[in-house]
Structures are given as structure tokens and as C-alpha cells.
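Below you'll find the structure, written out as C-alpha cells, and then a few comments.
Along the sequence shown, the residues carry numbers beginning at 1. What's counted below: heavy atoms across the whole structure, side chains too, no hydrogens, waters or symmetry copies.
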Amino acid sequence: MCLAQARPMRYIAAMGEAFRNLRSLRASAPAMLGVAFSASLSLLLTPFPARAQAPEPALKTLTFTPTSEDFPNPERGFYRYREMQANNDFDVRKDGNTLLFYKLRADAFRAAPFDKAFLDRFQHACDQARLAGVKLIPRVAYNDGPEAGCTAIYGCDAPKAIVMQQIAQLAPLWKKNKDVIDLIDPGFIGGWGEWHSSSNGLDNTKDETDILFAILDSLPPDRMVYVRYPRLKRVLFGGNATSDAQALKPAQAFDRSRVARVGHFNDCFLSGSDDVGTYKDISNGWPRARELTFIGGESMFTPYGGETCATDAKGACANALAEMATLHIDHLNRDYHPDVIQRWKTEGCYDSIARSLGYRFVLSSARLPDSVKPGGILRLEFTLRNQGFGELFNPRPVEVTLSGPANIVAVLPEDPRLWMGGTEISRAYRFSLPANLPEGGYTVGLRLPDADTALAKNTSFSIRFANEGMNLFGAGINILKQGMRVSSQAPGAANPAFTRFEVITDGTRVREPSGRNARHSSSWSAWMGMESGSPAARDLRGNLRDLRGRALHSQPLQPSQSSQPSQPLRPQ
């Protein structure tokens, strides 16, 4: 037989052997069948190596300078106090604030449901907050402390039946206005709505549990509440005052369960050994240090806030800064207590506290190419650090934007609630560029808009990075690079099948926490891995589905209305 005849015969014999092997695999490992068949077919039908793909464009490193400026960012910082019945000024952004602790005084409704006027006033407050670019922390209270004729020392409240009825009345408004509700302070019970000294005896485990759970179940599932005493979190979820067995575990974080949606509020922060009853179990073998550990472990994933109420040695700057970091504090009352606020100014730590409450994202570096082809692959790497005490606790997307002759957006598979205080985050992504993307100069940016469609285009609710020269366009974009060229002459391959700007693959590099969060590193790094079945991964996938539903995920090409090479992104 000649050589020309022998080769086909060898191929036929090889094919027969391959298929016999596949039949054997089918019997022993069905899941491997498709992989084995593809691999065998590839080997048999590719007698020579495929031509090497053109190298992707080289990346250039960009570095960014941190700023010490204190500027307003949503859902964090010093909050201002307002009451619904007062003639309120919501324009607090001019003073650098974005949160209002908003008390709904309900003294007239201790024995009756809310009337329409009361509900309309709350709706009006939400409307005003939206216009002013701020968010609310609402609390219902039936008193403002001690009052004549009340059997309770700190003022009267309402019976449980009325409370439950009023929660049901507020539920539609909470849902309608969740975009401007940062979280809910449960209120209702006792003096000032602080869950103590109830004239109707509501400060017991059964009634507190029923009221708290009714509020949680009436809220949208991505909104949280907090409780006045940390022991309540332990007790109301089936534990006891001196056991952390019921503490929120990292694997439960953001899974939208009740336990994952309850944080902590200290109404007398740094005021003494037990913070005026906040830490009630010091005498029961549960010392303050253990309370701080308990709260700090939960407040990485839930809100923590409060107000000061008296001067004490614990309020000195050195201790205040350390305790705020341990507790991942998100917000504090700027209006009270004035002596404590003035002390921080006198001792020189007020500005640092103001900058550090909640999150503070500082971009360290980014790597991007100078040019890329239409239909090519855009690579982006960035490193940032959360220099704040706390974290985000409401969901929020992370978007990469290209603005220029056309404006396009890609949503990253990121959950910025995982960008923990005191840690550095590094990411690397690859994106497909639409093959019909107009050539020209583009500005590349990162945008963290509000997750709610009602506020997604409102730049007052977008997050700004704490860097010098990190100018935000009109669409709330943190600029990474200006003048990146999209050009058919750029290096790299082009794929005419690319029609969308979207992530095509990613490699995630996460550096372990250091410093104050090192004790959380094992659980944190495991959770950051977001195994596919974890609650965090499921929640992130759910958030991305929501984003796709509003047509922000991998948008098709949107032509710019201007011929200028670097115009601001116009959100769709």
C-alpha cells in the first residue's frame, strides 16, 4: 500500500479507536462525554498547529494621588437630625452631609392608626430628600422623653396592636421610597423610640421580636434596620444575652434573611464603661471588649451608627478612633452631643472622623492600554483601598464606562459591599468592544451609581473616589484614563462577532486584609471567594439580574450626540 493510501487508513483506524473509547466513557463517566469527544475530534482534524493570535495591546500603569478633602458621599458620614413636624431644611449637602435621621413624632396616634395627613407628610419628606440628594433614616416615636401624666419615666408609647397596624400602614411607603431610605430605625417602643421604658410593657422579648420581625417583613428585602442594644440581637434571634452563638456569620451576610438585615445603633457612644446601658451585661460576664468584638464582627456586613450623649475619657481622640475602626462605624449624629463634637475638634481628630465614617474608596493605580481595536479586547486592572472605618451595606453596582464618540457601559460582577474597611482590593478584567464602535478618543471611568432605577442617573447618589483630580463627569464617573484611542490601527485582534461592551473573562486577585481586620482574614477571604453556592454569590447574581433588567448590563452601542472625542457618558 502506498503512503498516500496508508494515511487515510490510519486516520480511519484512529477514529474508530476514538469512538470505541467514547462508548466506554459513556458507560463509565457520562459527564465527560462532550469534553472527550471535542478533544478527540480536535486532535484528529487539526494536523498542524493553529496560527498564533495577535498579542493584545500592552497595558500602561496609571497612578493616582489620595486627597484629604472631606466631601459628601451617599450613605455614610455625619448625619443631621430632623423631625417631620418641623419646618425642615433638607439641603444639608452644602455642609458635606448626605444623611438625615428623621423622626416621625406620633404622639397623637397612640390610640389610633395614622391619618392620611401624617402619611402624606412622610411621603413629602421622601420627595424632598430625593430632590436634595440625601437619604433618610426614619424612626417613629410617640414621645420626646419625659412628659407629665405618663406612668413611664421617659414618656408614653402605644399598645402593640396599634404599633402593628401602623407598621402595616408604613409598609407601602417604605417600599415606594426605598431609594431614599438608607435603613430603618425600628423606633415605636419606649422613651424616644429607643426600646426601653415602655408604658405599654413592650420592652419584652416576645413583643420586641414580633415588632422587629414585622418591620423587617414590611421592608424591601435589600433594606436593613438596627437595634439599640447588642444583647437584643443575640436574644431576639433565639440566643441569650451572654452568648454569641447567634452572631451573624460571614456565610450568611447579605443573604436577605432577617438575621443578616439587623445591625447596631449606640445612642450614647463613648459615654462611659457601659455607654449608658448599651452594654448591659458587663456585670454578667460579658465585658465591653467582648461586646466590641461581637458588634465589629457583624458590622462588616450590617449598619452601625449612633450618637454621643456625654463627655467621658473614652471619648478622647485616640480611643474614639480605635473604637470606631473596630466597630466599622458608618454614621454619627453631627448635632449631638455638642460637647463631644467640640472635643474632637479641639483635640484635632474631627476631620479624620468626618473623612473616615463609613467607606472611603481611594484608587491606588490602574492599568489600561493606550489604544485598542473596534471589536478588540480591552483589558483593565485596578487597585483601590477602603480607608474608611466601615463599608457599604446597601447593594450597589460597579460599572466601567467608555465615553467619547459613543458612550457605553459594562457592569462588573462585583459587589462593593465586599470592599472591606482597611483592606486593599485588586481586580483584573477583560471586555469585548463592539466591532462597530466608532473610532476616536475615549475616557475610561468607574462609576458606582445608586442601585435603584429612580436614582441611577442622579449623580448626588453616585460614589466619588477620594483622589485628587478624580473629576466626576455629569454622570458621576471616576476618571481612570482620558484619550484612550479606539482605532483599527491598534495592536491586537478584532472579532466582528463582538456586539456588546461586556466582561468576557475575569481574573480576580484579592489581597488578604491587614492591620485592624487581620483577625477576620480567614472568614473574609473565604467569603470573598464567593463560592458559586454561597449566599453572597447568589445575592450578587440576583443584583446582576436586576441590573440586566434595567438594560445596564452589557449595553449595546449608543452613539454619542457629539463629535467631540471625550464627551461625558450619558446614562441610558
Side-chain angles (χ1 to χ4, degrees), residues 79-88 100-125 136-171 173-174 184-215 218 225-229 231-232 235-236 265-269 271-272 274-278 280 306-310 333 335-339:
Y79 66 78
R80 311 303 298 276
Y81 177 87
R82 297 290 186 270
E83 283 195 8
M84 189 171 74
Q85 285 75 5
N87 184 19
N88 287 306
L100 291 177
F101 190 93
Y102 196 71
K103 185 178 285 187
L104 289 77
R105 287 287 300 279
D107 305 36
F109 300 96
R110 294 171 181 166
F114 296 137
D115 62 16
K116 184 177 183 299
F118 182 95
L119 298 173
D120 286 347
R121 283 197 297 272
F122 179 54
Q123 179 59 56
H124 179 69
L136 305 178
I137 304 173
R139 176 200 282 179
V140 174
Y142 297 106
N143 57 68
D144 193 34
E147 58 184 307
C150 183
T151 56
I153 185 173
Y154 294 121
C156 291
D157 54 15
K160 182 179 178 181
I162 293 294
V163 172
M164 300 297 271
Q165 186 175 5
Q166 292 173 355
I167 290 171
Q169 287 183 283
L170 287 170
L173 293 180
W174 288 338
I184 295 288
D185 183 304
F188 292 104
I189 297 176
W192 298 283
E194 292 179 4
W195 285 49
H196 62 75
S197 312
S198 168
S199 64
N200 284 274
L202 300 181
D203 43 351
N204 67 82
T205 300
K206 177 64 168 64
D207 290 336
E208 289 170 339
T209 301
D210 290 345
I211 290 170
L212 179 66
F213 287 7
I215 293 171
S218 298
V225 307
Y226 45 31
V227 291
R228 168 69 179 91
Y229 304 102
R231 72 193 311 266
L232 281 176
V235 170
L236 300 187
F265 181 81
N266 186 337
D267 231 1
C268 280
F269 187 54
S271 61
D274 70 347
D275 284 358
V276 190
T278 300
K280 291 185 175 183
E307 69 177 25
T308 58
C309 71
N333 189 352
D335 297 317
Y336 198 80
H337 189 283
D339 292 347

State which residues pass ring pair (Phe, Tyr, Trp, His ring centres under 6.0 Å) with [X]; sequence neighbours excluded, sorted by chain then number.
{"X": "Phe188", "answer": "none"}
{"X": "Phe118", "answer": "Phe109, Phe114"}
{"X": "Tyr336", "answer": "none"}

- Task: Pick out which of Asp274, Asp275, Val276 makes a side chain to side chain contact (heavy atoms under 4.5 Å, CB included) with Thr278.
- Result: Asp275
Please round to the nearest 0.5 Å and tell me the distance separating atom [atom1] of [X] and atom [atom2] of [Y].
{"X": "Leu236", "Y": "Glu208", "atom1": "CG", "atom2": "CD", "result": "5.5 Å"}
{"X": "Cys309", "Y": "Asp267", "atom1": "SG", "atom2": "CG", "result": "7.5 Å"}
{"X": "Ile215", "Y": "Ile167", "atom1": "CD1", "atom2": "CD1", "result": "4.5 Å"}
{"X": "Gln169", "Y": "Ile162", "atom1": "CD", "atom2": "CD1", "result": "9.0 Å"}
{"X": "Asn200", "Y": "Tyr142", "atom1": "CG", "atom2": "OH", "result": "9.0 Å"}
{"X": "Asn143", "Y": "Ser197", "atom1": "CG", "atom2": "OG", "result": "9.5 Å"}

- Message: I want to know whether Tyr229 and Trp195 have ring centres closer than 6.0 Å.
- Response: no
Under the side-chain hydrogen bond (donor to acceptor under 3.5 Å, both in side chains) rule, collect the residues that match up with [X], sequence neighbours excluded.
{"X": "Asp185", "answer": "Arg139"}
{"X": "Thr308", "answer": "none"}
{"X": "His196", "answer": "Glu194"}

- Pair Asn333-Phe101, side-chain contact (heavy atoms from CB on, under 4.5 Å): steps then yes or no: CA-CA 8 Å; Asn333 189 352; Phe101 190 93; over 6 Å; no
Given side chains that start at C-beta, do those of [X] and [Y] come closer than 4.5 Å, heavy atoms only?
{"X": "Leu170", "Y": "Ser218", "value": "no"}
{"X": "Asp207", "Y": "Ile189", "value": "no"}
{"X": "Lys103", "Y": "Gln85", "value": "no"}
{"X": "Leu100", "Y": "Ile137", "value": "no"}
{"X": "Ile184", "Y": "Trp174", "value": "yes"}

- Query: Can you name the closest pair of heavy atoms from Ala214 and Met164 and give their distance?
  - Reply: CB-CE, 3.7 Å
- Item | Exercise: identify the closest heavy-atom pair between Ser199 and Cys156 | OG-CA, 3.4 Å
- Item | Cationic N near anionic O, under 4.0 Å, Lys160 to Asp210 | yes
Between the main-chain N or O of [Y] and the side-chain N or O of [X], is there a donor-acceptor pair closer than 3.5 Å?
{"X": "Gln166", "Y": "Arg110", "value": "no"}
{"X": "Asp335", "Y": "Tyr81", "value": "yes"}
{"X": "Asn88", "Y": "Glu83", "value": "yes"}

- Message: Arg121 vs Gln123, test: side-chain contact (heavy atoms from CB on, under 4.5 Å). Steps then yes/no.
- Response: CA-CA 5 Å; Arg121 283 197 297 272; Gln123 179 59 56; over 6 Å; no
